[in-house]
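Values below: all heavy atoms of this structure, side chains included; hydrogens, waters and symmetry mates excluded. The sequence lines fix the lettering, A, B, ..., with proteins before strands; numbering per chain opens at 1. Keep in mind that this is a model prediction, so the values were computed, not measured.
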There are 2 protein chains.
Amino acid sequence: MKATIKDVAEKAGVSIATVSRVFNNSSVVVEETKQRILLAAEELRYAPNHVARSLSTRKTESIGMVLPDLHGEFFSEVIRGVDERIQTENYHLVVSCSHNKKNEIQAALQTMRGRVDGLIVMSPHIDAKTLNANLPFSLPVVLLNCSVEDSSRDAITIDNAGGARAIVKHLLQHGHTRIAIIKGPDNNIDSIHRYQGFQRALEEAKIIHDTDLEFTGDFTEEAGRKAVKQWLMLKNRPTAIFASNDTMAIGAISMLQENGILIPDEIAIAGFDDIPISRYIHPKLTTVQISINSMGIQAAEILLHAIHNSENHQTQQKIVPTQIVVRESCGKHL
Amino acid sequence: MKATIKDVAEKAGVSIATVSRVFNNSSVVVEETKQRILLAAEELRYAPNHVARSLSTRKTESIGMVLPDLHGEFFSEVIRGVDERIQTENYHLVVSCSHNKKNEIQAALQTMRGRVDGLIVMSPHIDAKTLNANLPFSLPVVLLNCSVEDSSRDAITIDNAGGARAIVKHLLQHGHTRIAIIKGPDNNIDSIHRYQGFQRALEEAKIIHDTDLEFTGDFTEEAGRKAVKQWLMLKNRPTAIFASNDTMAIGAISMLQENGILIPDEIAIAGFDDIPISRYIHPKLTTVQISINSMGIQAAEILLHAIHNSENHQTQQKIVPTQIVVRESCGKHL
DNA sequence: GAGTAAAATGTAAACGCTTACATAGCTTAA
DNA sequence: TTAAGCTATGTAAGCGTTTACATTTTACTC
């Protein structure tokens, strides 16, 4: 049977209020009394019950994360960033995975209510309306990479279009004109914007895009492999590939190498995300860098601010800049 | 202001007990009353307060995970496995990172008390005694890859020694006799066992191990690179390298390739873990496979059982078998 | 040594729910 | 008709804290 504050109070010969004060440093308790209480607590192996405390204070000291998926380094990096920031304020992290399904995200959001003080929601697949309809009204929320409808909510989005445009431009500067793209899922907001950046760059270079050179993937290595497989059968192969994320780029590379195609000499390739592994594969992957970890930190930062200043918190929409990092996979010359 | 059960009860003209019953299907409520309550709840945007419910039922419907770190795919895979299993029973996942520090793991364990119904602890760096002293007594706990002292606790451990031995044997069968090892941290239980497996295999082959061919790393790519750098300066280089995890193996490969060393022709290499990326790098990495995801699922399974059958739960110690998967990095011949 | 202000501690209500037990309203059977 | 037995709902205690407010103790001052 677990000891309660009452047991400690009795054992130490004080009231429960005093015990509570000791455990909250809320007001001064005479040193001697304090020690007596601490001793009693120790002997009884007492630890405050967080649930009761939460009920009383209306604070849970937890924040929730609703993620679309739990696969791969991207998510673990975000989690790491968020955890890193909130741990400094003794907050806890409750993670939930919506598996990208509408009803599950609804369920996740639902069960988070009353369990957390704030929410970080990442849901690049859900449209803004559905999202808004399900978002709790009374809880601070930070949107990560979601379709945002207006400025009524805090949101952090990556400059997907800008990053894609920059890296495709880089490819163009290398003289490539037949550039293929491995897209992400059609309903994913990241994919959409990356694709737009891609198109934009081509337009600016006055290149007419060949839709044969498009493949829609799902952000997995396998998708990258399939895309390449398809293009290898073309009479007129692309000379460069832009993969909408590093994972697919890596899949593409593996398929190219299996077919004895030299990278970057015969086909250049670039990715997006700069996941840790990108700099260790061969050839090292040219890609677009976003600091996922720091994105998590920032999201946590904003959320904590919203929680602590519920009255005068100004919502903000941040666009996280990206940076291309040139390595070997697209040719170093130039 | 958020609506409470009381508001709903008033609006529907019933007592709070009836409202509670509706939201718990605990006993039959006449259909008409039920609809009236549901309607009132909807209008007030009422959702039960989980904290209050938990206090009353002494159940949180959450389980906690204490992880040593949040870096890399290994952890996200475990999390994914656990989440996958517990979600089916509407449990939530509270994640906490101990950063491998003794006091932090203590703090993490401490704050989990009363917040979760059960705990999955992964802490390969902490010795059994310290761990045991800090583990909550009253809470079901499943140990993941920890030093286990006795059979009083549920535990899942990977057959690290067996896996390492098997893969080193494989290397030996290829004719290698100068096999180097990139170890993990000295106080890490996984590293220790993998190293033991390595030694065992060499002994069985009656090979005297050259301590020049040992490098202690920290499971990062960088460590793999450093190890190789060091060995390249040797007059008598190793012909094969066993890295204690895939990440270090990948780092090693990148360094070898930068120095123009052919893999596996000049130096063969093998890893441990079989992280997803291993099959997509070039050359594809020969490694030891453990299903991290399913380890998470199993841990969750055992924990849930312990929670639901607190009286007659038999603790169990599972050793998850490993399997070597031969790919290109150690030479396909044979 | 009385009076007073400040410091330390105690009392009890509240947080929002669940649930054992009590009660009221109906059926049913003798 | 009435007692008994159900069924649907209500009453109220309890879950373990926090905290405003009340009370007691201590420390000074004159």
### Task
Dump the intermediate steps for side-chain contact (heavy atoms from CB on, under 4.5 Å) on A:Ser76 and B:Glu77, then the final yes or no.
CA-CA 9 Å; A:Ser76 66; B:Glu77 281 293 291; over 6 Å; no
### Query
Rounded to whole angstroms, how far apart are CD on A:Glu32 and P on D:dT26?
11 Å
### Task
Quickly work out the A:Phe23 CZ to D:dT17 P distance and round it to whole Å.
9 Å
### Query
Under a criterion of less than 4.0 angstrom to any heavy atom of chain A, what are the 5'-terminal and 3'-terminal contacting nucleotides of DNA chain C?
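Taking any atom under 4.0 Å from a heavy atom of chain A, the span is C:dA8 to C:dG16.
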Please list, pair by pair, any protein nitrogen or oxygen found under 3.5 Å from a nitrogen or oxygen in nucleotides 22-24 of chain D.
none

To the nearest 0.5 angstrom, please state how far the [atom1] atom of [X] sits from the [atom2] atom of [Y].
X	Y	atom1	atom2	value
A:Ile63	A:Asp117	CD1	CG	9.0 Å
B:Ser20	B:Ile5	OG	CD1	4.5 Å
B:Ile156	B:Ile297	CD1	CD1	10.5 Å
A:Leu44	A:Lys11	CG	NZ	4.5 Å
B:Gln316	B:Ile302	CD	CD1	4.0 Å
B:His308	B:His313	NE2	NE2	12.0 Å

With the side chain counted from C-beta on, respond yes when [X] and [Y] share a heavy-atom pair under 4.5 Å apart, and no when they do not.
X	Y	value
A:Val94	A:Met112	yes
A:Ser15	A:Thr18	yes
A:Glu84	A:Asn293	yes
A:Lys318	A:Gln298	yes

What protein N or O atoms touch nucleotides 13-15 of chain D N or O atoms at under 3.5 angstrom, if any, and at what distances?
from   : atom 1 : to      : atom 2 : distance (Å)
D:dG14 : N2     : B:Ser56 : OG     : 3.0
D:dC15 : O3'    : B:Arg58 : NH2    : 3.3

### Query
Does CD1 in A:Ile319 sit with more than 12 non-hydrogen atoms of other residues, nucleotides or ligands closer than 6.0 Å?
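No, the 6.0 Å shell around CD1 holds no more than 12 heavy atoms from other groups.
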Expected rows: protein N/O vs nucleotides 7-9 of chain D N/O, under 3.5 Å:
from  : atom 1 : to      : atom 2 : distance (Å)
D:dT9 : OP1    : B:Thr33 : OG1    : 2.6
D:dT9 : OP2    : B:Val30 : N      : 3.0

### Message
Any carboxylate oxygen within less than 4.0 angstrom of a Lys/Arg side-chain nitrogen, looking at B:Glu10 and B:Lys6?
### Response
no
### Task
Please name all residues satisfying ring pair (Phe, Tyr, Trp, His ring centres under 6.0 Å) with B:Phe74, sequence neighbours left out, ordered by chain then number.
none
### Query
Once you build an axis from the first five pairs and another from the last five of the helix from C:dG1-D:dC30 to C:dA30-D:dT1, how far apart in angle are they, to 10 degrees?
50°
### Task
May I have the step-by-step check of side-chain contact (heavy atoms from CB on, under 4.5 Å) for B:Phe75 and A:Arg80, ending in yes or no?
CA-CA 11 Å; B:Phe75 300 103; A:Arg80 201 166 64 84; over 6 Å; no
